[in-house]
Amino acid sequence: MFVSVVMITYNHALYIKQAIESILSQKTNFEFELVISNDKSTDETDAIIRETLASNPNAYKVKYYNNEVNLGMMPNSVSALEKASGKYIALCEGDDYWCDDQKLQIQVDFLENNADFSLCFHNVYLLTGTEFKEDNPRKKIPEITTIKDLAKNNYIHTPSVMYRNNLFELPKYFSEAPIGDYFLHMLNAQHGKIKYMDKIMSVYRIHNTSYWSSKKEAEQRVIMIDFLTKLKTYFDQDTQKLLDRQILKIKSKDMSFLEKQLYKIKSLF
């Protein structure tokens, strides 16, 4: 198999049909598979997946797994990735979708012709409710970056990435990490350069009820600091120093908040 598209899903009944069809409609000159891992959804996700596949002529490309027990997001991700056999891996979660039927071909062509790159990604539309907007900050990203840039902050959206299938065993902490995509991108970036394609080829949905957005800002910072502290142990000293800078930057936001609160208190007297 040349490319494996990995899709994890949980309670995505409203979105899963569009996600699957956007992948099965890809036009390629190579074979690809779609690995779907449904983490025992409690809504109609399973029924909709089966209905979608029953009526799609490209359903033969799909490996569908409906977990008997709920594993949790990261263990489900590990399980799905372990089932992917492609030379290249692309990701699309069950609530996102692709909006360019040439996406796989474009990314494969680049990686096939540029052996010194380990992954590539592209710009996306951000979709909140029914409102689309281009992720304009991505416009400022250089065309070529490295792990040194990625260690400063994550600028890769999950449904935009394709990488070489070089990660034969994921670290133990990966299945416990609160932020799996950044961890995965960092691991892949150890093996080569990163290519940014200034072309919108997927849609990333933003939910106010997601794990991350449901957390208060102060809680997000605590989670991120703990995550980065554990993440850095998997990389060389130069990369660790850059991750440390990211940690300090997050901590400085807490200090700024405390200083503002102290100023407010002093102003009362």
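Just so we're clear, the structure is a prediction, and the values are computed from it rather than from any experiment.
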Please determine if Glu143 and Lys193 form a salt bridge, counting it only when a charged side-chain N lies under 4.0 Å from a carboxylate O.
-> no
Hey, is Glu68 close enough to Lys40 for a salt bridge, meaning N to O under 4.0 Å?
-> no
Which of these passes side-chain hydrogen bond (donor to acceptor under 3.5 Å, both in side chains) with Asn11: Thr45, Asp95, Thr42?
-> Thr42
Distance, nearest 0.5 Å, that separates NE2 of His185 from CG of Leu119 = 7.5 Å
Looking only at heavy atoms, which two atoms of Gln26 and Leu104 are closest? And how far apart?
-> OE1-N, 2.9 Å
Where Lys63 and Ser85 come nearest, the two heavy atoms and their spacing | NZ-OG, 4.1 Å
Scanning both residues in full, the closest heavy-atom pair of His122 with Lys199 reads CB-O, 3.2 Å
Heavy-atom pair of closest approach, residues Asp96 and Ala19 | O-CB, 3.1 Å
Let me know which of Asp181, Leu91, Asn188, Ile194 forms a side-chain contact (heavy atoms from CB on, under 4.5 Å) with Val161.
-> Leu91
Taking everything shown except Lys241 itself, do over 12 heavy atoms lie less than 6.0 Å from its NZ?
-> no
Under the 3.5 angstrom rule, does the side chain of Ser4 hit a backbone N or O of Ile89 as a donor-acceptor pair?
-> no
Connected via hydrophobic side-chain network under 4.5 Å: Leu71 and Leu184 | no
Sorted by chain and residue number, the ring pair (Phe, Tyr, Trp, His ring centres under 6.0 Å) partners of Phe174 (sequence neighbours excluded) come out as Phe183
Other residues, nucleotides, ligands: >12 heavy atoms within 6.0 Å of Glu112 CD = yes
So, Lys148 and Asp236, do they make that salt bridge, N to O below 4.0 Å?
-> yes
Over 12 foreign heavy atoms within 6.0 Å of OH, Tyr125 | no
